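Below: one structure, written as structure tokens.
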Amino acid sequence: TAFAMAWRRLAADYYNLNAGYPIQVDAATRAFNHRDRLPPLERYLTEGYYYSSANIRDLSKSIAAYRAAQEYAPGDVTATNNLGLELIRVGQFAAAESLLRAGMMAKPSMIQADNLVDALVAQEKWSGLDTVFRQADSSSPPDHPGRITIRLSAALAHRDYVRAESLIAGHEPRSGA
């Protein structure tokens, strides 16, 4: 059990660190090959990750696995976030928005907020962005790097390029400046 869970976590870490696709696929495949030893939630998450990121790239199977994970553990942030991300990948932006909004209401997180922003922007729902940014800010420490990403998304969505450039440069302009 521990080996399969460790391989899945390692695959996700490789992805997050841009460590290279081959090493990520290897770790995801190793986790997938041992999924029968996992408890249901971890098995569904492992299957979802494998089908979305390994050589197979079968998003319908990935979505099915994440739906099963969410049915098994409705409040699980990973299941909610990853299902929302997959729905965005297949262009089901309204479904992703609904799911991620519910996830943010239950347990706000920066990663869910970031993906919710993507779903809103894809639908050109600019007015909903500020609420998401406030939720994201309240759910993360002041020095969380995701806060800049969220603010940058907001600036770009509102076509505030001066603010976007300022964020990229490492500081926000002061009010009235």
Side-chain angles (χ1 to χ4, degrees), residues 11-13 15-18 24 41 44-45 47-53 56-177:
D13 287 345
Y15 172 80
N16 291 332
L17 295 170
N18 289 323
Q24 175 195 349
L41 176 60
Y44 299 138
L45 293 175
E47 290 171 352
Y49 189 85
Y50 175 77
Y51 288 125
S52 76
S53 64
I56 298 210
R57 294 273 177 165
D58 188 334
L59 295 183
S60 64
K61 285 185 179 179
S62 178
I63 289 170
Y66 287 131
R67 282 194 198 283
Q70 200 181 39
E71 287 174 20
Y72 183 81
D76 186 77
V77 173
T78 302
T80 300
N81 179 68
N82 289 1
L83 177 56
L85 185 58
E86 295 304 277
L87 292 171
I88 289 168
R89 286 181 178 161
V90 298
Q92 294 181 22
F93 304 117
E97 175 192 353
S98 177
L99 176 73
L100 293 165
R101 277 193 189 282
M104 287 292 290
M105 294 301 290
K107 188 172 182 182
S109 73
M110 190 60 72
I111 190 71
Q112 287 185 119
D114 190 42
N115 289 329
L116 178 54
V117 165
D118 290 345
L120 291 169
V121 168
Q123 298 173 88
E124 298 183 4
K125 290 186 171 182
W126 315 119
S127 63
L129 294 175
D130 291 331
T131 301
V132 176
F133 303 133
R134 283 192 297 277
Q135 281 182 304
D137 276 350
S138 70
S139 72
S140 63
D143 61 343
H144 191 290
R147 293 179 97 163
I148 297 217
T149 305
I150 293 283
R151 285 188 174 91
L152 182 59
S153 294
L156 293 173
H158 291 294
R159 293 184 169 82
D160 185 347
Y161 302 115
V162 171
R163 183 166 184 233
E165 287 180 18
S166 178
L167 287 165
I168 291 168
H171 65 286
E172 290 189 66
R174 295 174 194 226
S175 297

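Quick caveat, the model's predicted, so the values are computed rather than measured.
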Discussion item. I need the L41 CG to E71 CD distance, nearest 0.5 Å.
Written reply: 12.5 Å
Worksheet item: Of all heavy-atom pairs between Y44 and Y72, which one has the smallest distance, and what is that distance?
Response: CE1-CB, 3.9 Å
Worksheet item: Mind checking whether E86 and Q92 have side chains closer than 4.5 Å, heavy atoms only?
Response: no
Worksheet entry | Nearest heavy atoms of A155 and L167, plus distance in Å | CB-CD1, 4.5 Å
Response to the item:
Residue set satisfying side chain to side chain contact (heavy atoms under 4.5 Å, CB included) with A65, at least two apart, ordered chain then number -> E47
Worksheet item: Heavy-atom distance under 4.5 Å between the side chains of D76 and L45, does that happen here?
Response: yes
Fill in: Pairwise side-chain contact, L59 with S52, heavy-atom cut-off 4.5 Å (strictly under)
yes
Item to complete: Locate the shortest heavy-atom distance separating I88 from F93; write the atom from each residue and the value.
Response: O-CE2, 3.5 Å
Fill in: F133: ring pair (Phe, Tyr, Trp, His ring centres under 6.0 Å) partners, not counting sequence neighbours
none
Item to complete: Would you name the heavy atoms of M104 and S109 that are closest together and state the gap between them?
Response: SD-O, 3.5 Å
Worksheet item: Does Y51 use its side chain to pair, donor to acceptor, with the backbone of I63 at less than 3.5 Å?
Response: no
Worksheet entry | Donor-acceptor contact below 3.5 Å, side chain N16 vs main chain A12 | yes
Practice prompt. Could you tell me which non-hydrogen atom of G84 sits nearest to which non-hydrogen atom of A96, and how far apart they are?
Written response: O-CB, 3.5 Å
Practice prompt. Indicate the atoms forming the closest heavy-atom contact of L100 with N81, along with that distance.
Written response: CD2-CA, 4.0 Å
Discussion item. Would the distance check show the side chain of Q112 and the main-chain N or O of K107 forming a donor-acceptor pair, the cut-off being under 3.5 Å?
Written reply: yes
Item to complete: Begin with the C-alpha distance, continue with both residues' side-chain angles, and end with the deciding distance and a verdict on side chain to side chain contact (heavy atoms under 4.5 Å, CB included) for D160 and V162.
Response: CA-CA 6 Å; D160 185 347; V162 171; 4.1 Å; yes
Worksheet item: Does the side chain of M110 come within less than 4.5 Å of T149's, by heavy atoms?
Response: no
Worksheet entry | Validation row: Q24, Y49 side chains within 4.5 angstrom (heavy atoms) | yes
Discussion item. With heavy-atom distances below 4.5 Å as the criterion, would you say the side chains of V121 and L129 are in contact?
Written reply: yes
Fill in: Residues D118, N115; criterion side chain to side chain contact (heavy atoms under 4.5 Å, CB included); working and verdict
CA-CA 5 Å; D118 290 345; N115 289 329; 4.0 Å; yes
Discussion item. Within the structure provided, determine whether L87 and Y66 are in side-chain contact (heavy-atom separation under 4.5 Å).
Written reply: no
Worksheet item: Does the pair Q70 and L99 meet the rule for a side chain to side chain contact (heavy atoms under 4.5 Å, CB included), with working shown?
Response: CA-CA 10 Å; Q70 200 181 39; L99 176 73; 2.9 Å; yes
Worksheet, complete the sentence: By side chain to side chain contact (heavy atoms under 4.5 Å, CB included), K125 pairs with (sequence neighbours left out) E97, L120, Q123
